Visitor: 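I'd like to ask you about the structure that follows.
In this text, all values refer to a predicted model and were calculated from it rather than measured experimentally.
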Amino acid sequence: MADGLRALRDADVRVATIAFRLATANLDLCQDVAANAGVVLHDADQYSQAARDEARDVFGLGEWPGVSGVVSEGPADKAGIRADDALIAINGEPTVPRSPTAKVRESRRGDYAQMGRLLTRLQTALAQGPVEIELLRDGRRITTTLAPVMACASAIQLMPSKKLHGGADGQMISITTALVDFAQNDDELAIIIAHEMAHNALRHRASLDEQKVSRGLLSIFGANARKIRDTECAADHIGLFLAARAGYAIEVAPNFWRRFGRTYDFGPFSDPTHPSGKERARAADATIAQIEELRTRGAPVMPTADCP
Ligand SMILES: [Zn+2]
């Protein structure tokens, strides 16, 4: 269990690091921007009951929320914030010491409510500029100033699951641990995260809702399926631009989508709302050719259309 928790933490920080790099490198392309501190927080309650005691032991999580990890060279790292520090105050206001309700204590599932409120509070403070942070490390109190950078708004969460799944609801990007494991390196993982970030940057969820496109069982029929497919094509295309501009090796994309398709496309229900792995690989080739051409000319790597 301890090794599993450490692996989960490593994956969480890895995902946050790639998202940070994508979100900061593409600031000029995003309409929705937010302060980003490059820090991943956690508390004991967010772990399932089965893992909670172990999480306390492994991460030293007591009554306070703690630092799961920091993005290397990011704002929190530069402020001297370290993994396993306890976060005890933001701008002089104490973070809420852990006081789980009976309901949370008895729940087998993790409870994210308190952490969600803390993240909102930190985000609100960071939006005003540098924030004074008080930490507890090996029993010593440490005060530091956290100066965030601006980035594309791109909160991201890692969901423990055996399913290959990613999603973007307009604010939050979610990807499963299975999808992280499926990616063979950071370049492939960047292509997945950039795809979801593109959905949010292009405000796809809001536009599908406006068009009353059903994402449920009925989504596989007719015009619904086509509209969702269009957003998928756009997210793949723009996502590759985001990844290229952040310095990731986008040449891995065609093979990645073919491999993904071999795992994902088969089964009793093929999903007509999503292009097949082969189609996505072909489209990626076309997008990569466009980006190469811009680079050869020394032109800025700016997307000119939604789809190749
Ligand atoms: Zn998508």
Visitor: For the pair R245 and D28, find out whether any cationic side-chain nitrogen is under 4.0 Å from an anionic carboxylate oxygen.
Guide: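 A salt bridge links R245 with D28.
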Visitor: Determine the minimum heavy-atom distance between G38 and P75, stating which atoms define it.
Guide: N-CD, 4.3 Å
Visitor: In the single-linkage hydrophobic clustering (I, L, V, M, F, W, Y; side-chain heavy atoms under 4.5 Å), do L240 and L179 co-cluster?
Guide: yes
Visitor: Start with the C-alpha gap between T144 and L135, add the side-chain angles, then the distance that decides, and say whether side-chain contact (heavy atoms from CB on, under 4.5 Å) holds.
Guide: CA-CA 8 Å; T144 183; L135 306 161; 4.3 Å; yes
Visitor: Is it true that R282 and D285 have a side-chain N and a carboxylate O under 4.0 angstrom from each other?
Guide: no
Visitor: Whether the side chain of N91 engages the backbone of V131 through a donor-acceptor N/O pair (distance < 3.5 Å, no angle test) should be reported.
Guide: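 No, because the side chain of N91 does not come within donor-acceptor range (under 3.5 Å) of the backbone of V131.
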Visitor: Around atom CE of M159, are there more than 12 heavy atoms from other residues, nucleotides or ligands closer than 6.0 Å?
Guide: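 It does not: M159 CE has 12 such atoms or fewer within range.
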Visitor: Consider only side-chain N and O atoms of E210 and S207, and report whether a donor and an acceptor are under 3.5 Å apart.
Guide: no
Visitor: Quick one, N36 and P148 - any side-chain contact, counting heavy atoms below 4.5 Å?
Guide: no
Visitor: Is there side-chain contact between F241 and I250, with at least one heavy-atom pair below 4.5 Å?
Guide: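 Contact flag for F241/I250 side chains = no.
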Visitor: Do the side chains of L119 and W64 join up, straight or via other hydrophobic residues, at under 4.5 Å, putting them in one cluster?
Guide: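 No, it is not one cluster - the side chains of L119 and W64 are not joined through contacts under 4.5 Å.
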Visitor: Rounded to the nearest 0.5 Å, what separates atom CG in D10 from atom CZ in R6?
Guide: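 Spacing of CG (D10) from CZ (R6) equals 9.5 Å.
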Visitor: Is it true that V252 and V301 fall in one hydrophobic cluster, defined by side-chain heavy atoms closer than 4.5 Å?
Guide: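 Yes, one cluster joins them.
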Visitor: Heavy-atom distance under 4.5 Å between the side chains of Y47 and R56, does that happen here?
Guide: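 They are not in contact (no side-chain heavy atoms under 4.5 Å apart), so the answer is no.
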Visitor: Is R258 salt-bridged to E279, cutoff N-O under 4.0 Å?
Guide: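 No, this pair does not count.
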Visitor: Please examine the side chains of I88 and P94, heavy atoms only from C-beta on, and report whether any two atoms are closer than 4.5 Å.
Guide: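 They are not in side-chain contact.
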Visitor: Heavy-atom count check: over 12 atoms from other residues, nucleotides or ligands less than 6.0 Å from E93 CD?
Guide: no
Visitor: Taking atom types as modelled and ignoring hydrogens, do the side chains of H199 and E232 form a donor-acceptor contact shorter than 3.5 angstrom?
Guide: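 There is such a pair between these side chains.
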Visitor: Tell me the closest heavy-atom pair linking E54 and A2, and the distance in Å.
Guide: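 E54 and A2 have their closest heavy atoms at OE2-CB, 3.5 Å.
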Visitor: Looking at E73 and K78, is any side-chain nitrogen of the basic one under 4.0 Å from a carboxylate oxygen of the acidic one?
Guide: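 E73 and K78: not salt-bridged.
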Visitor: Taking all non-hydrogen atoms of both residues, which atom of P308 and which atom of C233 are closest, and how far apart?
Guide: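 In terms of heavy atoms, the two residues are closest at CD-SG, 3.8 Å.
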Visitor: Distance check, rounded to the nearest 0.5 Å: E196 atom CD versus L22 atom CG?
Guide: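 If I round to the nearest 0.5 Å, the distance is 12.0 Å.
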Visitor: Is a donor on one side and an acceptor on the other found under 3.5 Å between the side chain of Q123 and the backbone of A35?
Guide: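 Flag set: sc Q123 to bb A35 pair under 3.5 Å.
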Visitor: side-chain contact (heavy atoms from CB on, under 4.5 Å) between R259 and F182: does it pass, once the steps are laid out?
Guide: CA-CA 10 Å; R259 203 161 52 80; F182 184 81; 3.7 Å; yes
Visitor: So, taking the atom named CZ in R21 and the one named CG in D186, what distance separates them when rounded to the nearest 0.5 Å?
Guide: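 Spacing of CZ (R21) from CG (D186) equals 8.0 Å.
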Visitor: Is any side-chain heavy atom of L189 closer than 4.5 Å to a side-chain heavy atom of V180?
Guide: yes
Visitor: Hydrophobic cluster membership, with links at side-chain heavy-atom distances under 4.5 Å among I/L/V/M/F/W/Y: are V13 and L61 in one?
Guide: no
Visitor: Taking it one step at a time, do D43 and Q114 satisfy side-chain contact (heavy atoms from CB on, under 4.5 Å)?
Guide: CA-CA 8 Å; D43 69 10; Q114 191 146 300; 4.1 Å; yes
Visitor: Nearest 0.5 Å please: distance from the CG atom of L136 over to the CZ atom of R141.
Guide: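 CZ of R141 is found 6.5 Å from CG of L136.
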Visitor: To the nearest 0.5 Å, what is the distance between CG on D236 and CZ on R280?
Guide: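 The distance works out to 4.0 Å.
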Visitor: Do E188 side-chain atoms and Q184 backbone N/O form a donor-acceptor pair below 3.5 Å?
Guide: yes
Visitor: Might you point out which heavy atoms bring L5 and A51 nearest each other, and give the distance in Å?
Guide: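 Scanning both residues, the minimum pair turns out to be CD1-O, 4.0 Å.
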Visitor: Work out which heavy atom in M115 is nearest to a heavy atom in P65; give both atom names and the distance.
Guide: CE-CB, 4.0 Å
Visitor: Where does the angle between the aromatic ring planes of H42 and F59 fall among parallel (under 30°), tilted (30 to 60°) and perpendicular (over 60°)?
Guide: tilted
Visitor: Measure from the side-chain N and O atoms of T17 to the backbone N and O of V15, and report whether any donor-acceptor pair falls under 3.5 Å.
Guide: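 Not confirmed, T17 side chain does not pair with V15 backbone.
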Visitor: Would you check if the side chain of N26 reaches a backbone N or O of L29 as a donor-acceptor pair within less than 3.5 Å?
Guide: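 Between the backbone of L29 and the side chain of N26 there is no qualifying donor-acceptor contact (under 3.5 Å).
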Visitor: Do D32 and R203 meet the salt-bridge criterion of a basic N to acidic O distance under 4.0 Å?
Guide: yes
Visitor: Measure from the side-chain N and O atoms of D85 to the backbone N and O of I81, and report whether any donor-acceptor pair falls under 3.5 Å.
Guide: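 Absent.
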Visitor: So, taking the atom named CD in Q49 and the one named CG in D111, what distance separates them when rounded to the nearest 0.5 Å?
Guide: 12.0 Å
Visitor: If the threshold is 4.0 Å, N to carboxylate O, is there a salt bridge linking R205 and D169?
Guide: no
Visitor: Looking just at side-chain N and O atoms, do Q157 and S174 make a donor-acceptor pair shorter than 3.5 Å?
Guide: yes
Visitor: Walk me through whether W257 and I191 qualify under side-chain contact (heavy atoms from CB on, under 4.5 Å).
Guide: CA-CA 10 Å; W257 288 124; I191 283 160; 4.1 Å; yes
Visitor: Do R82 and V67 have side chains that get closer than 4.5 Å, going by heavy atoms?
Guide: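 SC-SC contact between R82 and V67 ruled out.
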Visitor: For residues I175 and H165, determine if any side-chain heavy atom of one lies less than 4.5 Å from a side-chain heavy atom of the other.
Guide: no
Visitor: Under a plain distance cut-off of 3.5 Å, with no hydrogens placed, do T287 and H237 share a side-chain donor-acceptor pair?
Guide: yes
Visitor: Hey, quick one: are L294 and L242 part of the same hydrophobic cluster, counting side-chain heavy atoms closer than 4.5 Å, chains of contacts allowed?
Guide: yes
Visitor: Looking at D84 and R9, does any basic side-chain N land under 4.0 Å from a carboxylate oxygen?
Guide: yes
Visitor: Please give me the minimum heavy-atom distance between K163 and T176, naming the atom from each residue.
Guide: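 It is O-OG1, 2.6 Å.
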Visitor: Would you indicate whether the side-chain heavy atoms of I90 and R121 approach each other to under 4.5 Å?
Guide: yes
